[in-house]
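The basis for the numbers below is simple: all heavy atoms, side chains too, and nothing from hydrogens, waters or symmetry mates. Throughout, a chain's letter reflects where its sequence line sits, starting with A, and its residues are numbered from 1.
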Amino acid sequence: MFEFKVIAECKTTGARAGEFVTPHGVIKTPVFMPVGTLATVKAMSPAELKEINSQIILGNTYHLYLRPGNEIISKAGGLHEFMNWDGPILTDSGGFQVFSLAKLQKITDENVMCRSHIDGSQLIMSPEWSMETQRILGSDIAMCFDQCCEFPATHEKAEEAVKRTTLWAKRSRNFFQANNDSNKQALFGIIQGSVYEDLRRRSAEEILSLDFPGYAIGGLSVGESHEAMYRSLDLLNTLMPVNKPRYLMGVGYPLNIVEGIARGVDMFDCVLPTRNGRNATVFINSGRLNMRGKTHAEDFSPLDPECDCYACKNFTRAYLRHLAITGEILGARLFSWHNLRFTIRIAERAREAIIAGTFPEFLKEFKEKFHDDYHSDPE
RNA sequence: GGUGGAAUGGCCGAGUGGUCAAUGGCAACAGACUGUAAAUCUGUCGACGGGAGUCUACCAUGGUUCAAAUCCAUGUUCCACCA
């Protein structure tokens, strides 16, 4: 179980195609994993997720701990049963919430004293708490409880997060080994270090020494420039073991995905496709479109003629724009549907190209076609 | 026919002598969104001008006043109640 096999490698970039064996199926990489924080990929049913070839989805430890809570998940027979998803699930540890809900808490090496964002009640998050909750969730892949630091962060702050992440990784692993079933669940380590090369090296060294079945890159896509992100990925590509899956956490912007794949990343997850979908922004091969825009009011062509999704095959831009303007639920659904399919297909196309030996061409073409000035700040 | 009330920017609706080109909300338009406190948030929103500013504006006309969306008169339209 949890064997990772590289089946093809690009000769000129770091891209690789692989297979990762989990209890709920084999994941073909590179892969994009839709985020389903609260036991649902917002606006999408499990059947629809299958239809667009979602191989694996995410759930969130912190959010599911608060609602519905461990007891109900446990009675349901785990997260798979509860939400009726029979494919692989990866659960985030709650580490990201230490970052995104930072105002609500006090962090020490021991734990995170936190207030629920829902009712303000006190709760304590720790590596042990996270492992226990993820055990109950029964995800295929659990993540170490880490500390993601904000950007920009001073070297001192970033170093503190690296130290704490290593400390917590050891505690996560120890608790996991003692209590969780490593045949049913894999625990991935997370490398931090912000945009500092020395800290990335140090974090990688410390986390890799703990020998996890897979490794994640955390602390990126938090506001740093794309160049800074790529520099970190270039470095980590030289440090991370070849025979273990590499997961770039929180990345889903199309160009970041293809550039990430080119730097040896196998797994991605992001809320961008669904969140932007709900807010009527879509990604297509030629770039990014705000579908609320008046320019689409009388455009009776498909959203993306090259896309095979339900929205693109059945509706016009004019109609989709109308749904966006009127705030109809179907609009949120169709845009999410399209964005997820588009993003998943990026990984699929990359994989095909890697296997065919044409990844460099694919990368070049994708970048030439995709026009957007998102995060184009020179640094 | 009588009595009372109301008319404000695309719509709804505050404002009852100067700080009002006029609060809010909606609509419209534009922007943001990267391990989800997000079907959310931000900006613009009379015209012209880069701006200082200028002009046109709170039903109409006339008036009071240094000054009127705000006060007075008349008219018009609408609403309510009584005949």
Side-chain angles (χ1 to χ4, degrees), chain A residues 32-44 56-64 66-67 90-105 114-120 130 134 139 141-149 151 165 188 190-192 215-226 229 247-257 259-260 265 267-283 288-297 321 323-336 339 343 372-375:
Chain A
F32 176 77
M33 311 181 283
V35 177
T37 304
L38 280 162
T40 167
V41 175
K42 295 186 193 297
M44 299 291 288
I56 168 172
I57 62 173
L58 263 69
N60 185 281
T61 300
Y62 167 83
H63 290 281
L64 293 170
L66 291 181
R67 292 184 302 196
L90 181 151
T91 42
D92 190 26
S93 63
F96 189 72
Q97 279 62 46
V98 176
F99 159 78
S100 65
L101 303 173
K103 303 120 263 173
L104 300 171
Q105 56 209 4
C114 180
R115 299 226 157 253
S116 156
H117 71 280
I118 296 162
D119 63 6
S130 181
Q134 292 186 78
S139 52
I141 301 169
M143 299 302 300
C144 281
F145 190 67
D146 67 326
Q147 183 179 352
C148 176
C149 86
F151 181 87
T165 293
F188 279 24
I190 303 175
I191 297 164
Q192 290 289 340
Y215 296 98
I217 301 158
L220 292 178
S221 63
V222 288
E224 79 285 1
S225 69
H226 288 181
M229 178 193 290
Y247 163 28
L248 177 55
M249 307 183 81
V251 165
Y253 179 65
L255 290 174
N256 292 164
I257 292 179
E259 294 285 5
V265 175
M267 304 162 69
F268 302 85
D269 80 286
C270 195
V271 304
L272 207 56
T274 45
R275 180 182 289 167
N276 276 9
R278 272 175 282 125
N279 296 325
T281 295
V282 297
F283 297 108
R288 188 168 51 144
L289 291 180
N290 179 351
M291 286 306 294
R292 276 195 282 252
K294 194 164 196 174
T295 54
H296 307 113
R321 190 259 177 182
L323 293 179
I325 286 293
T326 53
E328 281 294 333
I329 294 174
L330 184 60
R333 272 175 47 65
L334 292 175
F335 293 133
S336 298
N339 280 344
T343 310
D372 191 2
D373 52 9
Y374 185 67
H375 278 215

If you look at every strand shown and take non-hydrogen atoms under 4.0 Å, does A:I329 touch a base, only sugar-phosphate, or nothing?
base
Consider side chain to side chain contact (heavy atoms under 4.5 Å, CB included). Of A:T343, A:V41, A:N339, which one does A:T274 pass it with?
A:V41
Please state the P separation for the pair B:rC48 and B:rA38 - nearest whole angstrom.
41 Å
Of the nucleotides B:rC33, B:rA37, B:rU34, which one has an atom closest to the side chain of A:K103?
B:rA37
In whole angstrom, give the distance that lies between atom CG of A:L38 and atom C1' of B:rG35.
14 Å
Write down the distance separating the C1' atoms in B:rA83 and B:rA73, rounded off to the nearest Å.
28 Å
The ring pair (Phe, Tyr, Trp, His ring centres under 6.0 Å) partners of A:F96 (sequence neighbours excluded) come to A:F99
Could you check how far CE of A:M267 sits from C1' of B:rG35, rounded to whole Å?
11 Å
Among B:rU34, B:rU36, B:rG35, which nucleotide sits nearest the side chain of A:Q97?
B:rU36
Can you tell me the distance, in whole Å, between the CG atom of A:D92 and the C1' atom of B:rG35?
4 Å
CD/A:Q97 to SG/A:C114 distance, rounded to the nearest 0.5 angstrom?
9.0 Å
Taking donor-acceptor contacts at under 3.5 Å, does the side chain of A:H117 reach the base of B:rU36?
no
Does the protein touch nucleotides 40-45 of chain B at the base, only the backbone, or not at all? Give it as B, S and - per nucleotide, heavy atoms under 4.0 Å.
B-----
Between NZ on residue A:K42 and CZ on residue A:R333, distance to nearest 0.5 Å
14.5 Å
Using the P atoms only, state how far B:rG25 lies from B:rG35, rounded to an integer number of Å.
30 Å
Roughly how far, to the nearest 0.5 Å, is CD1 of A:I141 from CG of A:L90?
4.5 Å
B:rC29 and B:rA14: how far apart are their C1' atoms, nearest whole angstrom?
25 Å
Check every strand shown and say whether A:S116 touches a base, only sugar-phosphate, or nothing at a heavy-atom separation below 4.0 Å.
nothing
Indicate, with a heavy-atom threshold strictly under 4.0 Å, whether A:G252 touches base, sugar-phosphate, or nothing.
base
Using atom CD of A:Q134 as one end and atom P of B:rG35 as the other, report the distance to the nearest whole Å.
17 Å
Could you give the distance from CE (A:M291) to CZ (A:R321), rounded to the nearest 0.5 Å?
9.0 Å
Which part of the nucleic acid does A:L90 contact within heavy-atom distance under 4.0 Å: base, sugar-phosphate only, or nothing?
nothing
Side chain to side chain donor-acceptor pair (under 3.5 Å) assessment of A:Q192 paired with A:T165:
CA-CA 7 Å; A:Q192 290 289 340; A:T165 293; 4.9 Å; no
Of the listed B:rG35, B:rA28, B:rU34, the closest approach to the A:I325 side chain comes from B:rA28
Does B:rG31 have OP1 or OP2 sitting under 4.0 Å from an N or O in the side chain of A:N290?
yes
Output the rounded distance in Å from CD1 (A:I217) to C1' (B:rU34).
14 Å
Check step by step if side chain to side chain donor-acceptor pair (under 3.5 Å) holds for A:D92 and A:Y62.
CA-CA 8 Å; A:D92 190 26; A:Y62 167 83; over 6 Å; no
What's the separation between atom OG1 in A:T326 and atom CZ in A:R292, rounded to the nearest 0.5 Å?
11.0 Å
B:rU34 phosphate, OP1 or OP2, under 4.0 Å from A:N276 side-chain N/O:
no
Counting Watson-Crick and G-U wobble pairs whose two distances are both under 3.5 Å, find the runs of 3 or more in a row that involve RNA chain B.
B:1-7 with B:76-82, B:10-12 with B:24-26, B:28-32 with B:40-44, B:46-48 with B:53-55, B:59-63 with B:71-75
Find the distance A:H63:NE2 to B:rA38:P and express it as a whole number of Å.
6 Å
B:rU36 phosphate, OP1 or OP2, under 4.0 Å from A:T37 side-chain N/O
yes
Checking all strands, does A:S336 fall into the base, sugar-phosphate, or nothing category for heavy-atom contacts under 4.0 angstrom?
nothing
In sequence, state the C-alpha distance, the side-chain angles, and the governing distance for A:R288 and A:T281, and then conclude on side chain to side chain contact (heavy atoms under 4.5 Å, CB included).
CA-CA 7 Å; A:R288 188 168 51 144; A:T281 295; 3.5 Å; yes
What's A:G293 touching, base or sugar-phosphate or nothing? Going by heavy atoms closer than 4.0 Å.
sugar-phosphate
Rounded to the nearest 0.5 Å, what separates atom OG1 in A:T295 from atom CG in A:L289?
7.5 Å
Taking the C1' atom in each of B:rU34 and B:rG24, what is the distance between them to the nearest angstrom?
35 Å
Are A:R288 and B:rA32 close enough that a side-chain N or O sits under 4.0 Å from OP1 or OP2?
yes
Under 3.5 Å side-chain donor-acceptor pair for A:S116 and A:D119
yes
With C1' as the reference atom in both, quote the distance from B:rA21 to B:rA57 in angstrom, rounded to an integer.
8 Å
A:Q147 CD to B:rG35 P, straight-line distance once rounded to whole Å
18 Å
Using the P atom as the point on both nucleotides, what is the distance between B:rU56 and B:rA7, in whole Å?
25 Å
On a whole-Å scale, what distance lies between the P atoms belonging to B:rU70 and B:rC58?
9 Å
Could you check whether the side chain of A:D146 and the base of B:rG35 have a donor-acceptor pair of N or O atoms closer than 3.5 Å, going by distance alone?
yes
Side-chain-base donor-acceptor pair under 3.5 Å for A:S100 and B:rU36
no
5' priority, RNA chain B, between A:R275 and A:C144 [closest heavy atom]:
A:C144
Once you round it to whole Å, what is the distance between P of B:rU36 and CG of A:L58?
7 Å
Of the candidates B:rA30, B:rU34, B:rA37, the side chain of A:L101 sits closest to B:rA37
